[in-house]
Amino acid sequence: MAIIFFSSDASGEQVRKNLQTELPDLPIWNWQETDTATRQSARYAIAWNPPEDFFDGLDNLQAIFSVAAGVDHLLDHPSLPPEVPLARLEDAGMADKIAEYVLYGVLHAQRSFDHYRSKQALQEWDNSDREVHAADTTVGILGLGTIGRVVAKRLVSNNYHVKGWSRSQKTVEGIDFHAGTEGLPGFLDNLDTLVCLLPLTPDTHGIINKQLLEQLANGTFLINAARGKHVDTAALLEALESGKLRGALLDVTDPEPLPGNHPLWSHPAVLITPHVAGPTQMQESVRQIAANIKRAEAGSELTGLVDRVRGY
Ligand code: NDP
């Protein structure tokens with residue numbers, strides 16, 4: 001009986017050591033070092049974006065753990081075992097990092113740093129009054145889940161007016177909440193900044209498209225810290241050209257990495273970061289996965305279980 005994990009980089013050995021400290025009695029194998037017998041003995045698999053043959057021979061798995069909050073890569077895996085429970089990371093230190101990232105983007109637009117950046121390029125000292133208070137700035141968050149709620153609270157504590165949108169109705173103190181398809185127009189109405197923190201599912205793929213962008217106020221700022229495929233890139237570029245969007249902060253793109261010469265790289269109103277808004281916090285992630293494996297060993301229900309039908 002063993003744990004098998006996959007890591008595509010040199011951090012793998014450190015992950016193995018950390019996991020071993022948390023679970024001293026279980027043998028833990030790096031997938032690249034396993035043989036047929038070890039794979040047969042594996043009861044738990046830990047991975048994010050594993051190779052196509054990762055699940056080959058892992059015939060006795062009791063649970064699969066994603067080393068990420070999003071599971072789109074795993075759900076798209078051609079041989080993900082259909083019946084094995086799949087658990088994802090819940091926050092594990094990422095939400096706070098994403099809250100910082102979003103706050104940076106919201107401030108960028110609210111305090112007109114985009115304007116000053118363009119003026120700097122022209123060597124123009126423009127100190128005309130552009131004051132906008134946080135309390136007069138509305139930020140809308142698509143996806144008010146584990147991460148979205150932390151982001152919303154951070155923005156509320158910085159005096160922003162926050163709107164949230166989710167599939168199901170919720171009550172979150174201090175947030176103007178909208179739910180479902182019927183709640184989307186009210187949510188989109190009069191935003192200063194739109195933030196995407198949705199999981200990537202068939203329902204949310206391409207959700208930020210021409211039709212959605214048309215419902216925004218002119219000059220809205222966009223922050224995408226979820227997945228690149230949430231955004232229709234052609235519609236985004238068109239909205240930037242028309243002024244519907246004043247700019248965008250994109251942590252994720254379609255495709256990733258963004259190829260050379262892609263128009264987003266050089267667009268003056270676009271800030272790009274290479275999928276670093278909420279890096280996996282290794283210690284917390286290992287602790288969370290180890291706690292879940294202990295639950296499984298004790299016959300208790302796992303936390304962070306993914307509903308494969310809805311896709312998150
Ligand atoms: P959760 O599953 O906790 O929350 C998802 C939220 O999205 C829920 O509020 C859910 O609504 C809502 N939602 C899902 N589908 C729909 C839909 N069709 N219509 C309306 N609302 C919907 O996810 P997390 O907060 O943990 O993570 C969100 C995403 O953030 C991840 O999937 C990942 O893609 C991204 N991420 C990005 C990182 C980065 O570095 N850039 C790092 C970590 C995560 P309801 O609550 O009603 O079900």
Side-chain angles (χ1 to χ4, degrees), residues 48-49 65-76 86-105 140-155 162-172 175-188 194-209 211-212 222-231 248-254 256-258 271-282 284-285 288-289 302-312:
W48 179 54
N49 198 4
F65 299 95
S66 163
V67 195
V71 285
D72 41 297
H73 284 97
L74 277 167
L75 292 177
D76 283 348
L86 169 63
R88 67 186 194 92
L89 288 181
E90 293 174 288
D91 184 350
M94 288 179 284
D96 208 38
K97 304 306 289 181
I98 295 186
E100 287 174 357
Y101 184 92
V102 171
L103 183 58
Y104 173 92
I141 304 175
L142 289 165
L144 223 64
T146 311
I147 295 173
R149 280 198 298 271
V150 173
V151 172
K153 281 182 191 152
R154 178 71 67 92
L155 294 173
V162 179
K163 290 166 99 173
W165 184 73
S166 269
R167 185 198 293 265
S168 56
Q169 188 64 43
K170 300 182 201 319
T171 311
V172 185
I175 292 160
D176 178 6
F177 201 83
H178 301 255
T181 319
E182 59 290 354
L184 192 57
F187 164 80
L188 295 170
L194 173 67
V195 182
C196 182
L197 289 171
L198 288 163
L200 185 65
T201 70
D203 285 344
T204 65
H205 188 284
I207 188 167
I208 302 180
N209 56 16
Q211 194 199 353
L212 181 145
L222 172 70
I223 301 173
N224 187 10
R227 291 289 183 261
K229 288 188 192 311
H230 283 124
V231 177
L249 170 60
L250 307 175
D251 186 50
V252 287
T253 57
D254 178 23
E256 282 182 26
L258 198 60
L271 299 170
I272 292 177
T273 52
H275 204 141
V276 292
T280 301
Q281 305 294 304
M282 203 42 78
E284 276 193 70
S285 304
Q288 196 173 102
I289 291 171
L302 302 182
T303 62
L305 274 178
V306 172
D307 177 334
R308 297 230 196 163
V309 176
R310 65 177 197 182
Y312 65 100

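When a residue number appears, it is its place in the shown sequence, counting from 1. Atoms considered below: every heavy atom in the structure, side chains included; atoms not considered: hydrogens, waters and symmetry mates. Atoms within each ligand, like the ligands themselves, are counted from 1 in listed order. Not measured: the values here are computed from a predicted model.
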Heavy atom under 4.0 Å from ligand 1: found in [X]'s side chain, backbone, both, or neither?
X      : value
Leu142 : neither
Thr146 : both
Arg227 : side chain
Ile147 : both

May I ask which of [options] has a heavy atom nearer to [atom] than the others do?
atom                    : options                        : value
atom 38 (C) of ligand 1 : Ile98, Asp203, Val306          : Ile98
atom 7 (O) of ligand 1  : Pro199, Gly311, Pro202, Gly278 : Pro199
atom 9 (O) of ligand 1  : Ala277, Gly143, Ser166         : Ser166
atom 36 (N) of ligand 1 : Gly180, Gly148, Ala225         : Ala225
atom 29 (C) of ligand 1 : Leu198, Leu184, Ile141         : Leu198
atom 46 (O) of ligand 1 : Lys229, His205, Lys170         : Lys170
atom 28 (C) of ligand 1 : Val151, Asp72, Leu197, Leu250  : Leu197

- Query: Looking only at heavy atoms of Trp165, does any of them come nearer than 4.0 Å to an atom of ligand 1?
  - Reply: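 Under 4.0 Å: yes for Trp165.
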- Query: Is the closest heavy-atom distance from Arg88 to ligand 1 below 4.0 Å?
  - Reply: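 Distance cut 4.0 Å: Arg88 passes for ligand 1.
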With Asp91 via salt bridge (Lys or Arg N to Asp or Glu O under 4.0 Å) - residues at least two apart:
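If we apply the salt bridge (Lys or Arg N to Asp or Glu O under 4.0 Å) test to Asp91, skipping adjacent residues, there are no hits.
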Discussion item. According to salt bridge (Lys or Arg N to Asp or Glu O under 4.0 Å), who are the partners of Glu100, at least two apart in sequence or on a separate chain?
Written reply: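 By the salt bridge (Lys or Arg N to Asp or Glu O under 4.0 Å) rule, Glu100 matches Lys97.
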Taking the side chain from Lys229 and the backbone from His205, do they hold a donor-acceptor pair closer than 3.5 Å?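 Not confirmed, Lys229 side chain does not pair with His205 backbone.
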- Query: Which pair of heavy atoms, one from Gly304 and one from Glu90, lies closest together, and at what distance?
  - Reply: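 Minimum heavy-atom contact is N-OE1, 3.2 Å.
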- Work out which heavy atom in Ile98 is nearest to a heavy atom in Ala225; give both atom names and the distance.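 Residues Ile98 and Ala225, closest heavy atoms: CG2-CB, 4.4 Å.
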Practice prompt. Report, in ascending order of atom number, the atoms of ligand 1 lying under 4.0 Å from any heavy atom of His275.
Written response: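 Atoms satisfying the 4.0 Å criterion: 39 (C), 40 (O), 41 (N).
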Subject >> Distance filter under 4.0 Å to Met94 heavy atoms, resulting ligand 1 atoms >> reply: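 Answer, ordered by atom number: 43 (C).
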Residues Asp254 and Arg227 bridged, charged N to O under 4.0 Å:
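Salt bridge: no.
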- Message: Looking at Phe177, I'd like to know if its CZ atom is crowded, meaning that more than 12 non-hydrogen atoms belonging to other residues, nucleotides or ligands lie closer than 6.0 Å.
- Response: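 Buried by this count: over 12 neighbours within 6.0 Å.
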What do you reckon, is CD of Gln211 surrounded by more than 12 foreign heavy atoms closer than 6.0 Å?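 Result for CD/Gln211: open.
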### Heavy atom of the protein closest to atom 35 (C) of ligand 1 (residue, atom name, distance)
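Among all protein heavy atoms, the one nearest atom 35 (C) of ligand 1 is Ala226 CA, 3.9 Å.
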Quiz item: Would you say the side chains of Thr273 and Tyr101 form a donor-acceptor pair under 3.5 Å?
Solution: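 Yes, side-chain donor-acceptor contact under 3.5 Å.
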* Passing candidate, side-chain contact (heavy atoms from CB on, under 4.5 Å) with Leu75, options Leu200, Leu86, Thr201 ->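 Looking at Leu200, Leu86, Thr201, the match for Leu75 under the side-chain contact (heavy atoms from CB on, under 4.5 Å) is Leu86.
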